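Quick notes on the structure that follows.
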Amino acid sequence: HIRRLNQIRRAIPALQKARLTHLAEWGSGMRFLRDHPESGTYVVVGLAIGSDQEIGIDGVRPGIYRDAVTGLEQECRGRLLFHVKANSAGIYVLDGPGKIGEDGVYLR
């Protein structure tokens with residue numbers, strides 16, 4: 001899973017360089033937003049530990065988001081809602097490429 005996570009990080013500059021905002025943490029997960037204007041990448045991330053999570057975040061730029069983990073696509077109009085499987089992540093990128101890498105035990 002580390003190899004795949006590194007593939008995703010290399011493909012999305014906001015995950016490497018951008019400031020973290022809209023952070024929320026709870027017992028079995030967290031969510032945050034990263035915006036990197038220099039590269040034009042904008043990403044919403046949700047992490048789930050131990051159990052599946054429904055993650056929502058307000059104040060998100062409108063547009064089409066694609067999950068780098070599952071390849072799912074959805075349109076957002078200010079609030080992004082998505083499901084993350086236990087011990088995995090949702091990495092929704094505005095106008096993103098879609099799924100990056102192959103599923104494994106933890107990123108699926």
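Model, not experiment: these values are computed from the prediction.
For the atom pair CZ of Phe82 and CD1 of Ile55, the computed distance is 4.5 Å after rounding to the nearest 0.5 Å. To the nearest 0.5 Å, the span separating NE2 on His83 from OG on Ser88 amounts to 9.0 Å. Atom CG in Asp67 sits 9.5 Å away from atom NZ in Lys99 (nearest 0.5 Å). Considering CG of Leu5 and CD1 of Ile100, their distance stands at 10.5 Å, rounded to 0.5 Å.
Heavy atoms from other residues, nucleotides or ligands lying under 6.0 Å from CD of Glu38 number more than 12. Heavy atoms of other residues, nucleotides or ligands lying less than 6.0 angstrom from CZ of Phe32 number more than 12.
In this structure, Val60 is a member of the same hydrophobic cluster as Leu94, with clusters built from ILVMFWY side-chain heavy atoms closer than 4.5 Å. When the side chains of ILVMFWY residues are joined at heavy-atom separations under 4.5 Å, either directly or via intervening members, Leu20 and Leu47 end up in a single hydrophobic cluster. Hydrophobic clustering (side-chain heavy atoms under 4.5 Å, transitive across Ile, Leu, Val, Met, Phe, Trp, Tyr) groups Ile8 together with Met30.
Taking every heavy atom of both residues into account, Cys76 and Gly78 meet most closely at SG-N, 3.3 Å. Nearest heavy atom pair, residue Arg108 against residue Thr70, reads O-CG2, 4.0 Å. Pairing each heavy atom of Ala14 with each of Ser39, the nearest pair is N-OG, 4.5 Å. When all heavy atoms of Gly90 and Val84 are compared, the pair lying nearest together is N-CG2, 3.7 Å.
The shortest distance between side-chain heavy atoms of Arg4 and Asp103 falls below 4.5 Å. Thr21 places none of its side-chain heavy atoms less than 4.5 Å from the side chain of Asp35. Proximity of Leu107 to Ile91: side-chain heavy atoms (C-beta onward) are nowhere separated by under 4.5 Å. Proximity of Tyr92 to Gln74: side-chain heavy atoms (C-beta onward) are separated by under 4.5 Å at one or more points. Between Ile64 and Glu73 the shortest side-chain heavy-atom distance falls below 4.5 Å. Considering only heavy atoms from C-beta on, Lys85 stays 4.5 Å or farther from Val69 through its side chain. Within the 4.5 Å cutoff, side-chain heavy atoms of Arg31 are placed close to those of Trp26.
Checked by atom type and distance alone, the side chain of Arg34 never pairs as donor or acceptor with a backbone atom of Val43 at under 3.5 Å. Remark: the backbone N or O of Gly96 is paired with a side-chain donor or acceptor of Arg66 at under 3.5 angstrom. With Glu54 contributing its side chain and Leu81 its backbone, the two residues share no donor-acceptor pair below 3.5 Å.
Screening Leu33, Asp95, Ile12, Val93 against Tyr42 for a side chain to side chain contact (heavy atoms under 4.5 Å, CB included) leaves a single residue, Leu33.
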